[in-house]
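Below is one structure; the comments refer to it alone.
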2 protein chains.
Amino acid sequence: MPANRRPRARAEKRDEIVTAARRLFVDDGYDATALSKIAAAAGVTANTVYWYFPDKDHLLVAVLEELLADALSRYEPMAQRPLADKIMFAVQELSAMRNLVDTVHARRAASPAIDQWHTGFHEVADALTRSELPPDDAEPASHIIAFVVEGLLTHPAGETEQREIIDLLVDRIT
Amino acid sequence: MPANRRPRARAEKRDEIVTAARRLFVDDGYDATALSKIAAAAGVTANTVYWYFPDKDHLLVAVLEELLADALSRYEPMAQRPLADKIMFAVQELSAMRNLVDTVHARRAASPAIDQWHTGFHEVADALTRSELPPDDAEPASHIIAFVVEGLLTHPAGETEQREIIDLLVDRIT
DNA sequence: ACCTGAACACCGTTCAAGT
DNA sequence: ACCTGAACACCGTTCAAGT
């Protein structure tokens, strides 16, 4: 029996696991989601997950990649809007990751895979803001924007308060 | 035998546990520190800790209170310096909490005690910055400062890069 | 009041065994 | 190649028992 008889089936099963993990991670958070729950939701046993992912952290990375890709795919219409709208959009779009931001930071030291995703994420974020910033301050300014976006994700505020913060930030920083 | 024969001894034992927990939490992080390690460092068994604290989260709160009190006690000489110096000082002083910032955010949903400490912390931080800010923007501006401080704690940068970010922030926001 | 040994329920992960 | 049942080492927490 050949090794790769149904490569399609493997990808599909993997997707089912990622989809289940995504829903549970986003809704309940990483720590509160036991691998056995994810496995049950995907119709397998807990240890089967290890045939598709080396560990729970790599499964989180797969989920983060999906979430980020989804957010970016919806970003295009924003390309022409002012920076404040882009940041507002980013905060709303990334709010699905809200429960996971702290987990990513917390597990960075323990998991090279998560550390790597985190670095890549900030590179993408940096690239998106930097082009809109005065070249002289682009470096520190882009960091400030990233910190505020993360802060707004971690400390959910009302819509108007959020706008106030972003408007002030963009007004002063650009 | 009276119930409170040696109230002093109880406080001392409690302190030993907090001191051990503080060192381990700061050095290794909350998740990586098993209660049994703390207990061993304090010369007791793991379950004995539960006679002094209702759970691991409350022990973390006790540690956070110590760290914050220490930082504030060193803050006085800063009172007359410019805002940028104060923020720089805050980041350096709170860097002992670096490993715990994400834990506090992550466990806020699960632990009312941690949530409460977190709220109090931001009230203190807000009060310290707000007086230095133009009253019109004080609310959003103080949030931006808090977000940048947290961002610098979570994403350690070089000393000069850090200064660049803080200087730009203070220059623009005040 | 204070502390312990033993147990409980749960976790991520490993492994030998099946197909 | 893919999946499982059973086990492992570990965790926070509880509890009956000692002093």
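All chains are named by letter (A, B, ...) in the order of the sequence lines, taking the proteins before the strands, and each is independently numbered beginning at 1. Please read all numbers here as calculations on a predicted model, not as lab measurements.
- Residues A:Pro54 and B:Gly43 each lie close to DNA chain C; by heavy-atom proximity, the contact nearer the 5' end of the strand is made by B:Gly43.
- Comment: B:Asp102 does not engage A:Arg108 in a salt bridge, judged by the lack of any side-chain N to carboxylate O separation of less than 4.0 angstrom.
- Between C:dC3, C:dT13, C:dC11, one nucleotide has an atom nearer to the side chain of A:Asp55 than all others, and that is C:dT13.
- When distances run from any side-chain atom of A:Ala46 to the nucleotides C:dC11, D:dG12, C:dT13, the shortest one goes to C:dT13.
- In this structure, C:dC10 forms no base pair with any nucleotide, since neither Watson-Crick nor G-U wobble geometry is met with both distances under 3.5 Å.
- Picking from C:dC11, D:dC11, C:dT14 the nucleotide with the shortest atom distance to the side chain of A:Tyr50 gives C:dT14.
- Counting only N and O atoms by type, the side chains of A:Asp15 and A:Tyr52 include no donor and acceptor under 3.5 Å apart.
- With both pairing distances under 3.5 Å, C:dT4 is matched to D:dA16 as a Watson-Crick or G-U wobble pair.
- Residue A:Lys56 contributes atom NZ, which lies 9 Å from atom P of C:dC11 at whole-angstrom precision.
- Taking atom CG on B:Leu59 and atom C1' on D:dT13, their separation rounds to 14 Å, with Å as the unit.
- A:Asp115 and A:His118 share no donor-acceptor pair across their side chains, judged by distance under 3.5 Å alone.
- Residue B:Thr48 places at least one side-chain N or O under 4.0 Å from the OP1 or OP2 atom of C:dT4.
- Rounding to whole angstrom units, NZ of residue B:Lys37 and P of D:dC10 are separated by 11 Å.
- A parallel orientation is assigned to the rings of B:His122 and B:His105, their planes being inclined by less than 30° (bins at 30° and 60°).
- For the pair A:Phe53 CZ and D:dC3 C1', the computed distance is 16 Å after rounding to whole Å.
- Checked against D:dC3, D:dT4, C:dT13, the side chain of A:Tyr52 finds its nearest nucleotide in D:dC3.
- For A:Asp57 and C:dC11, the CG to C1' distance is 14 Å, given to the nearest whole Å.
- Between the P atom of D:dT13 and the NE2 atom of B:His58 lies a distance of 11 Å, rounded to the nearest Å.
- Salt bridge A:Asp85/A:Arg163: present, at least one basic N to carboxylate O contact under 4.0 Å.
- Checked against D:dT4, C:dT13, C:dT4, the side chain of B:Val44 finds its nearest nucleotide in C:dT4.
- D:dC8 atom P lies 20 Å from atom CG of A:Leu35, rounded to whole Å.
- Rounded to an integer number of Å, the gap from A:Ile38 CD1 to C:dC11 C1' is 12 Å.
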